[in-house]
Structures are given as structure tokens and as C-alpha cells.
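Beneath this line is the structure, given in C-alpha cells, with notes to follow.
Sequential numbering from 1 along the given sequence is applied to the chain's residues.
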Amino acid sequence: MRAVRTAAALACATIVAGAGLAAADSITVTPGSPRPGQQVHISVPGCATGSSAHVAVSPAFTTNVTLYGKADTGDADPTIRQELRPGTYPVTAYCGADTVQGTISVAAGTDPSGDHGGGTNNWLLIVVFVVVAGVVAAFVFGRRGRRVS
């Protein structure tokens, strides 16, 4: 039984390590699903600054962006085009002689702040708080009224 558990753990670790290596060869976009007009951060592995400018291009960006180096990674902070429709768009980074491919998934909406509804969530939070406070008060005051004989 111990051998089976060890083999399973080794297999899981190999799969996770392999997945991590595969993901490291692609462009990372943060946040994962930006909205039109929002600024994002891209990170390109193996694309630190070199003798020539390293550039990332995408039809989703307002303009091509120059990557600045951070260790072995090229980074940039492009803005998503305001008029862009939701969907997945290619991102290509040119790093000297190398080219790195990735994608960016743009979500619907034009509000980059992520606030959709102007306070509806706060209203709901207040209602939940009042209900919970009422239940706690009923429990506390209900316990005080009982006498132990």
C-alpha cells in the first residue's frame, strides 16, 4: 500500500512539474480576463531586455509595447482597446531572434474598475449583516430569559 501511495505521489508531482514547465513558455496576462479600457500586466518568460528592443504586439492592445526586463522576464503594462469586443486575441512577443506566443481573453463590459451596478453589492452586504445581527441578538436575549432550576 505504501508503494502505491509513493508511486501516485510521484506521478502527481511529475504531472504538476510538467504543467508548470509548459505554462512557463507562454505569455502571462494579469488580470486573466480584462475588460476593454483596462490596463493589464504581461510577463514574457525568457524575454529580458537585450541589445535590441523587445516588443509585444496584439490586436487587443492600444499600441505595441516595449518590454522592460526583470531577471529573465520581459514585462509591460499595455491598455486594452476601448472598442474591443469580448473574445480571445493573440499576443506575440518579439525577443531578439526568439518569438513567444500567448493569448489574452477579453471580457465583456467597458467599466475597467469592475464595479457593475454602483453599490448593489454594498446594499446586499448591509441586509445580510442586519439579518445576522438579529439572529445573534435573538439567541443572546433568548438565553438570558431562561432560568435554571
*asked:* Under the criterion side chain to side chain contact (heavy atoms under 4.5 Å, CB included), I'd like the reasoning laid out for V100 against S26: C-alpha separation, chi angles, the key distance, then a yes or no.
replied: CA-CA 7 Å; V100 181; S26 183; 5.8 Å; no
*Between atom OG1 of T30 and atom CD1 of I104, what is the distance when rounded to the nearest 0.5 Å?*
9.5 Å
*Within-4.5 Å side-chain heavy-atom neighbours: V65 and I42*: yes
*Could you pull out the closest heavy-atom pair between S43 and P45, with the gap in Å?*
O-CD, 3.8 Å
*Among side-chain atoms of Y68 and D77, is any donor-acceptor pair under 3.5 angstrom?*
yes
*Under 3.5 Å, is there a donor-acceptor pair between the side chain of R35 and the main chain of A108?*
yes
_For A107 versus S33, what's the shortest heavy-atom pair and its separation?_
CB-O, 3.8 Å
*Between P36 and I80, what is the shortest heavy-atom contact and its length?*
CA-CG2, 3.8 Å
*Just jot down the side-chain contact (heavy atoms from CB on, under 4.5 Å) partners of T63, sequence neighbours excluded, or say none.*
none
*Flag the pair P31 / Q38 as yes when at least one side-chain heavy-atom distance between them is below 4.5 Å, and no otherwise.*
yes
_Between Y89 and T103, is the side chain to side chain contact (heavy atoms under 4.5 Å, CB included) condition met? List the steps._
CA-CA 5 Å; Y89 296 87; T103 58; over 6 Å; no
*Would you call V106 and P86 a side-chain contact if the rule is heavy atoms closer than 4.5 Å?*
no
*Which value, rounded to the nearest 0.5 Å, describes the distance between S58 atom OG and L84 atom CG?*
8.0 Å
*Evaluate side chain to side chain contact (heavy atoms under 4.5 Å, CB included) for L67 paired with Y94, printing each intermediate quantity in order.*
CA-CA 9 Å; L67 300 169; Y94 299 100; over 6 Å; no
*Using atom types as modelled and distance alone, determine if a side-chain donor or acceptor of R81 lies under 3.5 Å from a backbone N or O of P59.*
yes
_If you apply the rule side chain to side chain contact (heavy atoms under 4.5 Å, CB included), what do you find for F61 with T79, and how did you get there?_
CA-CA 6 Å; F61 301 159; T79 301; over 6 Å; no
_Straight-line distance of T62 OG1 to Q39 CD, nearest 0.5 Å_ = 9.0 Å
*asked:* By the disulfide (SG to SG under 2.5 Å) test, which pairs, at least two apart or in different chains, include something from residues 41-75?
replied: C47-C95
